[in-house]
Asker: 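Sending over a structure as structure tokens; questions will come in a sec.
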Amino acid sequence: MKRRAGEREKELKKKKLLEELGESRLPYMTPADADFHQLWKTKYSKLVFRKSDTVPEELHQMVQESFLTLRKHDCFFQDLVRIKGKDFFTPVSRILIGNPGCTYKYLNTRLFTVPWPTEGYEIKYCSPQIHDACKALIKLNDYLHIEAVKALQGQNLLESKETEDTPVTDREQNFATSLREKGSVSQDQSSFCVPEDDFTSLNSRTSYNVTLLNYMDPLQMLYLKQEPYFGMGNMAVSWHHDENLVERSTVAVYSYSCEGSPVEETYDQKLQGRDPAVWHVGLKVAWDIETPGLAIPLHQGDFYLMLDDLNMTHQHCVLAGFSPRFSSTHRVADCSRGTLEYIFGQCELALQNLQTDSNSGALSLKSLETAVVKQVEEIHNEVEFEWLRQFWFQGKRYLKCTDWWLKPMAKLEEYWRKMETMSSLVLHEVRKKEQTEEQRNETISCFLLVLTERQRLRKEWTARCQSEAAESLPEDQKPECHPFWTNDECNMPLPYDLEEVIAHLQNLVQKNGVIRHLYLSEGPLGPTHTGGGFQPVAIWNSGFPGTQDSFPNLCFVSAFCESCSEARFPSTLSKEPWVSILGQAPWQNRFRLCDRRHGNICDDLAIRTNPEDYEK
């Protein structure tokens, strides 16, 4: 729900910005502009740039050979990502390399690391060349970590001394040298004394656990988006903030463009703005139309650092040149919910509620408390949709490099199967009527929420695996709808399609007068709302234990009572009954609202016939 709200907010901001611009374009600067360095100093000071001649030649050679090796072994893949409910191929091909068991999620897609050589882990690579490529990338990772720490120390030193940079007066002076003077410190400054707490913070914000490698050949692309705000030309990657990172962590990007192609060498350099033959990184202040943007050329072996909160306050894009390009983008991924250690811990927590009879070997649940059932079933969903289906949706791509992930995924599936058994045990117990009616109703209602979400997600993932885009992929990259089973497979305790199970549970709660019907729209509601697609949710008129997240944009716009036939509807909603409750008119009652898709609850909502009377 929060993700969807965030996406809507971004779209509204983008639409507003483009409306304000109209047919005009915002100004931007390149190193050829006289005020470029002054703009950098005042508005983009947390961006640090390094030319290739500052990097050891041996490291250049190792890293660039690793790119070519991975490309030769077909290890780069276009991701089939999910945006606004639709699947799209990324124009850039990618591979994630990093700490064993780490993942990185972007655009609703979880990538799994090809592990780089790590002490204590047995990693079998498909070839010695892939091993060497991963080894080279961890060396680059270590180098960029040290450079990022030095850059942050230099920034702290400059801020503490309130030191100003030397003004740039020579427009033609070496662009990279001036940036080094501005953005970082010399080698002898790297020994600047930093308090232990600050050093720990610097270290944690620069200890890269993954690198996302990118490759694109622009001349092989049928279409590239045009940059919409400044007129910067073809974009390989649109404007964005990097996702799923530790807060205020540094991002380091090493660039390797395969320069020297005939089309690049013969391009006319007498032009305004950025050179379209050369790759650039573009930067702008987020959702700002006053500050000019930057377009910085990227040549073979250059790298840059986005320090501190720059990734939060600014947006960046990648502007395509004419030649093929690789990049290695090193990140401190937020792995609080994205490592094998985390998800195995969640599984073990869930399975604590499963017990085996020492005599008969029969399985049973230790507790039917609503909070326990909810926790276990949500972990069940997390394992299935955030791990198993995400992994198998990417086909057999990871086997191009290593089979390392197969064993942990098999173990996760084993845990998931036990949780399927636990779901069947919950269903069995609520049919027995051994709980009090109130307890039983609470358990059913809670269970129903999670099962409905599970059914919705299974349908979505099944459809994605069968989509035209998925079918167009090579055989070894085609998504697998896994886990999947038919009703004939007797080794599964519940069916894959949960419609009948959900209908049965709904029938149980309706018999007890617990569930009522309410229709909730996807977007903010109000008297002028014209949005479509109402989704069923449920109201309980008794306490419901669960998460206390609320719907910030929810607004009741009309209500209808079947008993007294009293109804009020805004004209934009025609005569769609918003609230349908059997019995006396409920206008003065207060209820708790639960969305079956997300399990969110909004406490004490007053249901009234008039939208003006509604109080949050």
Side-chain angles (χ1 to χ4, degrees), residues 337 340-392 408-436 439-459 461 482-487 489-506 508-509 544-547 594 596-599:
R337 298 173 67 91
L340 280 176
E341 181 181 9
Y342 160 77
I343 197 61
F344 282 149
Q346 289 292 95
C347 291
E348 289 164 5
L349 178 63
L351 294 175
Q352 287 177 7
N353 197 42
L354 184 64
Q355 60 187 356
T356 306
D357 187 278
S358 57
N359 296 321
S360 65
L363 297 173
S364 63
L365 300 175
K366 293 179 183 178
S367 172
L368 274 176
E369 290 183 20
T370 307
V372 175
V373 170
K374 180 176 184 293
Q375 181 185 53
V376 171
E377 295 302 324
E378 286 179 346
I379 292 172
H380 184 165
N381 279 5
E382 184 177 16
V383 172
E384 180 171 340
F385 301 109
E386 288 295 327
W387 290 82
L388 294 176
R389 296 197 183 280
Q390 287 275 6
F391 181 80
W392 292 110
M409 296 311 291
K411 186 177 179 181
L412 268 183
E413 186 168 338
E414 182 183 338
Y415 285 149
W416 168 84
R417 286 178 179 271
K418 290 181 179 179
M419 284 184 263
E420 279 286 304
T421 298
M422 295 175 78
S423 295
S424 71
L425 290 172
V426 174
L427 186 62
H428 177 72
E429 291 297 324
V430 297
R431 286 168 172 165
K432 288 164 59 174
K433 300 184 179 181
E434 290 185 357
Q435 293 177 293
T436 66
Q439 289 174 331
R440 180 169 173 262
N441 288 336
E442 286 183 355
T443 301
I444 294 173
S445 300
C446 165
F447 189 42
L448 188 54
L449 285 171
V450 188
L451 281 191
T452 304
E453 176 73 351
R454 190 174 303 162
Q455 173 71 354
R456 183 186 71 82
L457 289 172
R458 281 183 183 173
K459 284 184 175 181
W461 280 98
H482 185 81
F484 178 83
W485 63 100
T486 64
N487 292 338
E489 297 179 52
C490 57
N491 61 335
M492 295 301 294
L494 287 174
Y496 181 81
D497 187 336
L498 296 169
E499 287 290 355
E500 291 186 7
V501 175
I502 290 169
H504 174 70
L505 290 171
Q506 288 173 335
L508 287 178
V509 290
F544 184 90
T547 177
C594 296
R596 287 208 293 249
R597 295 163 302 159
H598 302 287

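Computed from a predicted model, the values in this text were never measured in an experiment.
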Asker: Are more than 12 heavy atoms, taken from residues, nucleotides or ligands other than Glu500, located less than 6.0 Å from that residue's CD atom?
Answerer: no
Asker: Go through the steps to decide whether Leu412 and Phe344 satisfy the test side chain to side chain contact (heavy atoms under 4.5 Å, CB included), and finish with yes or no.
Answerer: CA-CA 7 Å; Leu412 268 183; Phe344 282 149; 3.7 Å; yes
Asker: Looking only at non-hydrogen atoms, find the nearest pair between Asn487 and Pro495 and report the distance.
Answerer: OD1-CB, 3.7 Å
Asker: For the pair His482 and Phe391, evaluate side chain to side chain contact (heavy atoms under 4.5 Å, CB included) and give the outcome as yes or no after the intermediate values.
Answerer: CA-CA 9 Å; His482 185 81; Phe391 181 80; over 6 Å; no
Asker: Quick one: are Phe385 and Arg454 in side-chain contact, heavy atoms under 4.5 Å?
Answerer: yes
Asker: Nearest 0.5 Å, what's the CG-OG1 distance between Asp497 and Thr486?
Answerer: 12.0 Å
Asker: Got a second to check how far Leu425's CG is from Lys418's NZ, nearest 0.5 Å?
Answerer: 13.0 Å
Asker: Is a side-chain donor or acceptor of Trp387 paired with a backbone partner of Leu340 at a separation under 3.5 angstrom?
Answerer: no
Asker: Go through it in stages, so that I can follow the logic: the residues are Leu508 and His504, the test is side chain to side chain contact (heavy atoms under 4.5 Å, CB included), and I'd like the CA-CA distance, side-chain angles, deciding distance and then a yes or no.
Answerer: CA-CA 6 Å; Leu508 287 178; His504 174 70; 3.8 Å; yes
Asker: Locate the shortest heavy-atom distance separating Ser423 from Leu494; write the atom from each residue and the value.
Answerer: CB-CD1, 3.6 Å
Asker: For Arg456 and Glu453, run salt bridge (Lys or Arg N to Asp or Glu O under 4.0 Å): C-alpha distance rounded to whole Å, both residues' side-chain angles, the deciding distance at 0.1 Å, then the answer.
Answerer: CA-CA 5 Å; Arg456 183 186 71 82; Glu453 176 73 351; 3.2 Å; yes
Asker: Using the salt bridge (charged side-chain N to carboxylate O under 4.0 Å, His left out) criterion, which residues pair with Lys432? Sequence neighbours excluded.
Answerer: Glu429, Glu434
Asker: Between Arg337 and Glu382, does at least one N-O distance fall below 4.0 Å, as a salt bridge requires?
Answerer: yes
Asker: Minimum heavy-atom separation for Thr356 to Gly361, with atom names?
Answerer: CG2-O, 3.5 Å
Asker: Do Arg417 and Met492 have side chains that get closer than 4.5 Å, going by heavy atoms?
Answerer: yes
Asker: Before giving the answer on side chain to side chain contact (heavy atoms under 4.5 Å, CB included), spell out for Met422 and Leu363 the whole-Å C-alpha distance, their side-chain angles and the decisive distance to 0.1 Å.
Answerer: CA-CA 9 Å; Met422 295 175 78; Leu363 297 173; over 6 Å; no
Asker: Taking the side chain as everything from C-beta on, heavy atoms only, tell me whether Leu427 gets closer than 4.5 Å to Phe447.
Answerer: yes
Asker: Which atoms form the tightest heavy-atom contact between Pro483 and Arg389, and what is the distance?
Answerer: O-NH2, 2.7 Å
Asker: Under a 4.5 Å cut-off applied to non-hydrogen side-chain atoms, are Val430 and Leu505 in contact?
Answerer: yes
Asker: Mind checking salt bridge (charged side-chain N to carboxylate O under 4.0 Å, His left out) for Glu420 and listing every partner two or more places apart, or none if nothing turns up?
Answerer: Arg458
Asker: Roughly how far, to the nearest 0.5 Å, is the CG atom of Leu448 from the OG1 atom of Thr443?
Answerer: 12.0 Å
Asker: Can you sort out the partners of Ser364 under side chain to side chain donor-acceptor pair (under 3.5 Å), two or more places apart, ordered by chain and number?
Answerer: Gln355
Asker: Decide if atom CD of Gln455 counts as having more than 12 heavy atoms of other residues, nucleotides or ligands within a radius under 6.0 Å.
Answerer: yes
Asker: What distance separates Glu413 CD from Leu388 CG, expressed to the nearest 0.5 Å?
Answerer: 6.0 Å
Asker: Between Asn353 and Ser367, is there a donor-acceptor pair closer than 3.5 Å when you use the side chain of the first and the backbone of the second?
Answerer: yes
Asker: Glu442 versus Gln439: any side-chain heavy-atom pair under 4.5 Å?
Answerer: no
Asker: Measuring from atom CG of Leu368 to atom CZ of Arg440, what distance do you get when rounded to the nearest 0.5 angstrom?
Answerer: 11.5 Å
Asker: Tell me if a side-chain donor or acceptor on Gln346 pairs with a main-chain N or O of Ile379 at a distance below 3.5 Å.
Answerer: no
Asker: Hey, what do you get for NE2 (His428) to CG (Leu365), rounding to the nearest 0.5 Å?
Answerer: 10.0 Å
